[in-house]
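One structure is given below, encoded as structure tokens.
Scope of the values below: all heavy atoms of this structure, side chains included, with no hydrogens, waters or symmetry mates. These numbers come from a predicted model, not from an experiment.
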Amino acid sequence: MFLDKISRLRDDNLVRIINDRQSPQGARIRFRDREYLNFSSNDYLGFANHPLIVARARQALEEFGFGAGASRLLGGGSRLHNKIEKRVAGFKKTDSALVFNSGYAANTGIIPAIADDATALFSDELNHASIIDGCRLSQSRTHVYRHKDMSHLEDLLRQNNTIRKIIITDSIFSMEGDIAPVRDLCNLCKAYDALLYLDDAHATGVIGEGRGVLAHFRIEPEPWIFQMGTFSKALGSFGAFLAGSADVIEWVRNSARSFMFSTALPACVIAASGAALELVENTPGMLDKLWENRQKAADGIRGIGYDIMGSETPIIPVATGTIENTMRISGHLFAKGIYAAAIRPPTVKQPRIRISVTAAHTDEDIGRLIDTLKEAA
């Protein structure tokens with residue numbers, strides 16, 4: 001049964017493989033004793049191997065050991081967990097915050113906790129898989145609106161008379177690299193008495209001076225806005241969080257199954273996340289460098305004739321047309337020592353090479369990427 005399924009995947013060029021690194025995460029990585037330029041990482045600020053983060057993790061490891069031993073509700077958390085939640089709340093300008101084990105665990109735990117059979121969910125069609133699964137687990141009626149199409153969303157809201165409405169969107173879309181129209185979404189929430197759930201995973205540390213999409217649009221947090229974010233991308237650590245009003249956080253703490261029934265993150269991971277927040281707040285030059293690199297890469301890739309599919313951020317999708325062409329270009333890059341993943345269905349409808357630029361890349365790195373893409377064309 002499964003051999004037949006795998007065979008069909010191979011026939012359609014859709015088999016995925018795992019490349020295991022022999023090096024730390026960074027702009028340069030090693031596979032099978034060869035070095036590659038890495039354009040497939042979400043480590044946007046180059047923090048994953050930062051000396052401060054490593055030092056804080058090592059210090060916490062020595063103080064608390066590694067395994068947490070239990071869920072936080074059973075006593076598995078440390079004082080560092082409480083400390084970082086207060087820090088996240090300050091960072092996101094909310095009353096309170098709650099740490100989750102991953103972005104996936106956050107979305108599949110929070111959305112069912114805040115939605116019920118008297119709730120209608122309105123979800124962007126290109127939202128992350130974890131949002132889609134969170135909506136399914138909630139058992140609420142989910143209405144999918146066309147990507148960033150505010151007219152379509154408003155039509156759906158107008159036609160719906162459910163007691164509670166929640167609009168759910170990625171802030172930065174992970175495969176498109178564009179930004180949700182959050183100001184327009186806020187206006188629709190006010191007009192139709194809806195709540196707004198933002199997945200800030202790829203926005204935290206990247207836009208709004210690192211504080212995320214609300215800061216990017218200069219929107220103050222409100223009790224009806226939920227901000228989910230992760231430590232695992234620009235912050236170079238691991239885990240996720242929900243930031244919001246005190247009553248929302250208390251409710252989610254008592255009802256989100258992925259929080260209640262998961263062993264707590266190790267204290268050394270929490271320490272690493274705390275160090276990353278310090279770096280974001282105290283080293284704005286890293287964010288400036290990220291956006292300088294993003295502009296050079298985007299301009300260069302467009303300049304050699306590629307369509308970057310409306311990217312506005314360091315995520316730069318390169319349109320490739322067909323699955324076969326996607327695999328050819330990705331293979332050419334890999335043969336030339338550049339690692340850039342081929343993204344194919346069912347992850348996306350339209351195949352592409354997903355380029356992810358970081359602050360750790362040099363001008364020479366970006367130039368080499370552009371020259372190699374030009375060869376592949």
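Side-chain contact, Gln295 with Asp299: a donor N or O sits under 3.5 Å from an acceptor N or O. A donor-acceptor contact under 3.5 angstrom links the side chains of Asn107 and Tyr197, judged on distance only.
Ion pairing between a basic and an acidic side chain is recognised when a charged N comes within 4.0 Å of a carboxylate O; Arg79 and Glu63 show such pairing. A salt bridge is absent between Arg368 and Asp371: the closest approach of a Lys/Arg side-chain nitrogen to an acidic carboxylate oxygen does not fall below 4.0 angstrom. Checked for salt-bridge contact, Arg211 and Asp200 miss the test: no charged N lies under 4.0 Å from a carboxylate O. Salt-bridge check for Glu222 with Lys190: failed, with every basic side-chain N at 4.0 Å or more from each acidic carboxylate O. Looking at Glu154 and Arg158, a side-chain N of the basic residue comes within less than 4.0 Å of a carboxylate O on the acidic one, giving a salt bridge.
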Only distances under 3.5 Å count here; give the side-chain donor-acceptor pairs of residues 173-184 to other protein atoms, sequence neighbours excluded, each with its distance to 0.1 Å.
unit_1 : atom_1 : unit_2 : atom_2 : d
Glu176 : OE2    : Arg352 : NH1    : 2.9
Asp178 : OD2    : His147 : NE2    : 2.7
Asp178 : OD2    : Lys148 : NZ     : 3.4
Arg183 : NH2    : Phe217 : O      : 2.1

Please tabulate, for the side chains in residues 9-21, all donor-acceptor contacts under 3.5 angstrom to protein atoms that are two or more places apart in sequence or on a different chain.
unit_1 : atom_1 : unit_2 : atom_2 : d
Arg16  : NH1    : Leu14  : O      : 2.8
Arg16  : NH1    : Pro345 : O      : 3.4
Arg16  : NH2    : Arg344 : O      : 3.1
Arg16  : NH2    : Pro345 : O      : 3.3
Arg16  : NH2    : Thr347 : OG1    : 3.3
Asn19  : OD1    : Arg32  : NH1    : 3.4
Arg21  : NH1    : Ser23  : O      : 2.5

Evaluation steps, ring-ring contact (aromatic ring centres under 6.0 Å, His included), between His143 and Phe122: CA-CA 5 Å; His143 306 268; Phe122 299 84; 5.0 Å; yes
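In terms of modelled atom types and a separation under 3.5 Å, the side chain of Glu85 and the main chain of Val99 share a donor-acceptor contact. In this structure a side-chain-to-backbone donor-acceptor pair under 3.5 Å is present from Asn127 to Asp170. A donor-acceptor pair is defined here as one N or O able to donate and one able to accept, closer than 3.5 Å; no such pair exists between the side chain of Thr94 and the backbone of Gly90.
Here the NZ-OG1 distance, from Lys233 to Thr230, works out to 4.0 Å after rounding to the nearest 0.5 Å.
The hydrophobic cluster containing Leu198 also contains Val88, counting ILVMFWY residues as joined when their side-chain heavy atoms lie under 4.5 angstrom apart, directly or transitively. Hydrophobic clustering (side-chain heavy atoms under 4.5 Å, transitive across Ile, Leu, Val, Met, Phe, Trp, Tyr) groups Leu369 together with Ile308. Ile166 and Leu126 are members of different hydrophobic clusters when ILVMFWY side chains are connected at heavy-atom separations under 4.5 Å. There is no path of hydrophobic side-chain contacts, each under 4.5 Å, that joins Tyr104 to Leu265.
Annotation: cation-pi geometry not satisfied between Arg257 and Phe259 (NZ/CZ under 6.0 angstrom from ring centroid, within 45° of ring axis).
For Phe39 and Tyr339, the distance between ring centers is not under 6.0 angstrom. For Phe231 and Phe241, the distance between ring centers is under 6.0 angstrom.
Partners of Asp117 by salt bridge (Lys or Arg N to Asp or Glu O under 4.0 Å), not counting sequence neighbours: none found.
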